[in-house]
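Here the structure is a predicted model, which means the values were calculated and not measured. Whatever order the structure lists ligands and atoms in, that order sets their numbers, starting from 1.
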Amino acid sequence: MKKVKIGIVGLGRLGKKHAENIAYKIPNAQLLAVCSIVKEEVEQIQRDWDIKYVYTNFDDMLKNKELDAIFIASPSNFHCEQIAKALEAGFHVFSEKPLGLYVDEVKSVQKIVNEHNNQIFMLGFMRRYDKSYAYAKQKIEEGIIGEPILIRCYGIDPASAMEGFIKFAKSNYSGGLFLDMAIHDFDLARWFLNSEAIKVWAIGGVYAHPVIKEINDIETGAALIQFENNKMGIFVSGRNSAHGYHVETEIIGTNGAIRIGSVPEKNLVEIFDSDGTRKECVGGFLERFEQAYLNEVEEFVDCIIQNRKPSVKVEDGVKSTIIAYACKKSFETGELVNIDQ
Ligand SMILES: NC(=O)c1ccc[n+]([C@@H]2O[C@H](COP(=O)([O-])OP(=O)(O)OC[C@H]3O[C@@H](n4cnc5c(N)ncnc54)[C@H](O)[C@@H]3O)[C@@H](O)[C@H]2O)c1
């Protein structure tokens with residue numbers, strides 16, 4: 001079978017993992033080109049992995065007509081512009097989350113995606129491709145908890161990753177805690193509740209790590225969201241989890257509840273030692289969602305081969321950005337924000 005030839009932009013914390021998956025773990029895909037503004041990054045990958053084309057300029061990569069698809073893992077402030085350029089150059093496109101950082105730019109890019117309906121576009125909400133989240137969704141659709149009415153989400157990065165986060169946040173504009181982190185939970189909320197947000201109130205601050213204030217971000221934030229049909233969402237997001245990477249989700253229904261990762265265990269190992277008995281916590285996003293990152297790219301490649309649309313759509317990127325941006329606005333103004341869909 002013909003392989004889907006992919007060029008990736010962004011070879012940082014996540015981009016390098018995606019590149020490795022495309023190069024070595026997806027039989028129907030070929031990593032034909034890599035691009036980053038950092039020359040050493042592309043040269044290193046070309047040497048180590050024998051990649052045919054390397055670029056330090058995104059526009060140059062788009063001139064390569066051997067490519068079928070462009071994979072975007074650059075910083076969030078470049079996503080909309082790069083998605084538009086890649087679609088207009090005729091490629092299928094995968095973009096990392098968030099779709100964009102402002103409501104205007106995501107609405108404009110949605111229009112461009114819709115105008116290129118014959119090309120595949122997919123957004124990296126990888127949690128939907130995680131085995132546990134997918135199973136929870138299936139159970140909810142089977143009706144085992146009745147009608148879902150409330151979602152409670154925690155998404156907290158490990159304090160041990162602080163140095164890497166500060167480096168990332170200083171060199172990139174991430175949009176801040178709600179657009180960068182909580183966006184995954186906003187997407188899950190829409191997915192599980194099957195309902196759109198109408199009102200948000202968000203609060204937060206910097207408590208243990210003043211350096212986060214220097215980069216104009218929040219260390220821990222909380223949001224309360226009202227969804228259509230009187231459904232509810234409670235969200236806690238942060239950068240300072242002492243015990244590890246804490247991603248936890250609960251969906252409460254009219255006839256029961258489902259929890260995913262309420263104790264974010266690393267594996268099935270239990271340790272009995274001079275500290276007592278314990279289970280270790282999963283260390284970070286690459287570890288917790290390792291399989292989901294692979295599954296989502298497999299789905300993107302399969303969609304191109306089979307000419308079908310992925311289940312994560314540009315609309316999901318638009319709606320989640322609208323929620324996250326409303327949270328940012330609510331935090332900054334101290335006001336309740338109505339969401340105009
Ligand atoms: N889905 C997830 O769970 C998840 C996890 C982490 C990051 N992300 C997203 O992935 C994206 C990248 O995050 P990261 O942590 O890998 O960032 P990073 O800072 O580690 O890496 C960014 C990469 O992009 C390159 N780059 C920067 N500007 C560029 C430009 N103009 N053109 C080409 N290359 C450029 C950098 O040289 C680097 O290789 C972000 O949008 C982030 O939100 C998603």
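- Under a cutoff of 6.0 Å and an axis angle of 45°, R127 and F125 do not form a cation-pi pair.
- Distances from atom 43 (O) of ligand 1 to the heavy atoms of E96, R127, K97 put K97 nearest.
- Contact annotation: for F78 versus ligand 1, heavy atoms closer than 4.0 Å belong to the side chain alone.
- Comparing G124, G12, S74, P75 against atom 11 (C) of ligand 1, the shortest heavy-atom distance belongs to S74.
- Evaluated by nearest non-hydrogen atom to atom 25 (C) of ligand 1, the leading choice among G100, C35, S36 is S36.
- Relative to atom 35 (C) of ligand 1, the option among D59, L123, I37 with the closest non-hydrogen atom is I37.
- The H79 neighbourhood of ligand 1 comprises atoms 41 (O), with distances under 4.0 Å to a heavy atom of that residue.
- H184 counts as a contact of ligand 1, since one of its heavy atoms falls under 4.0 Å from the ligand.
- Considering backbone and side-chain N/O atoms, A73 never comes within less than 3.5 Å of an N/O atom of ligand 1.
- Within the structure, side-chain hydrogen bond (donor to acceptor under 3.5 Å, both in side chains) pairs that include any residue of residues 29-39 comprise S36-E41, K39-E43 (at least two apart or interchain).
- Between L14 and ligand 1, a contact under 3.5 Å exists for at least one N or O pair.
- With no hydrogens or angles considered, a side-chain donor-acceptor pair links K309 and N117 at under 3.5 Å.
- D68 pairs in a side chain to side chain contact (heavy atoms under 4.5 Å, CB included) with only one of the listed residues (K3, K2, Q119), which is K2.
- Using a 3.5 Å distance cut-off with no hydrogens or angles, the side chains of Q226 and N230 do pair a donor with an acceptor.
- Heavy-atom proximity to V38, at under 4.0 Å, picks out these atoms of ligand 1: 37 (O).
- When non-hydrogen atoms are compared, ligand 1 lies under 4.0 Å from neither the backbone nor the side chain of S171.
- For ligand 1, the atoms lying closer than 4.0 Å to a non-hydrogen atom of Y293 are 1 (N), 2 (C), 3 (O), 5 (C).
- At the top of the distance list for atom 13 (O) of ligand 1, counting protein heavy atoms only, stands F168 CE1, 3.7 Å.
- Residue-level proximity to ligand 1 for K170 is absent, since no heavy atom of it falls below 4.0 angstrom.
- Hydrophobic clustering (side-chain heavy atoms under 4.5 Å, transitive across Ile, Leu, Val, Met, Phe, Trp, Tyr) keeps M162 apart from M181.
- Contact annotation for F58 and ligand 1: no heavy atom of the residue comes within less than 4.0 Å of the ligand.
- A ring-ring contact (aromatic ring centres under 6.0 Å, His included) with F71 holds for exactly one of H79, H92, H18; it is H18.
- Counting only N and O atoms by type, the side chains of Y245 and S160 include no donor and acceptor under 3.5 Å apart.
- Side-chain contact, T220 with Y207: no donor N or O sits under 3.5 Å from an acceptor N or O.
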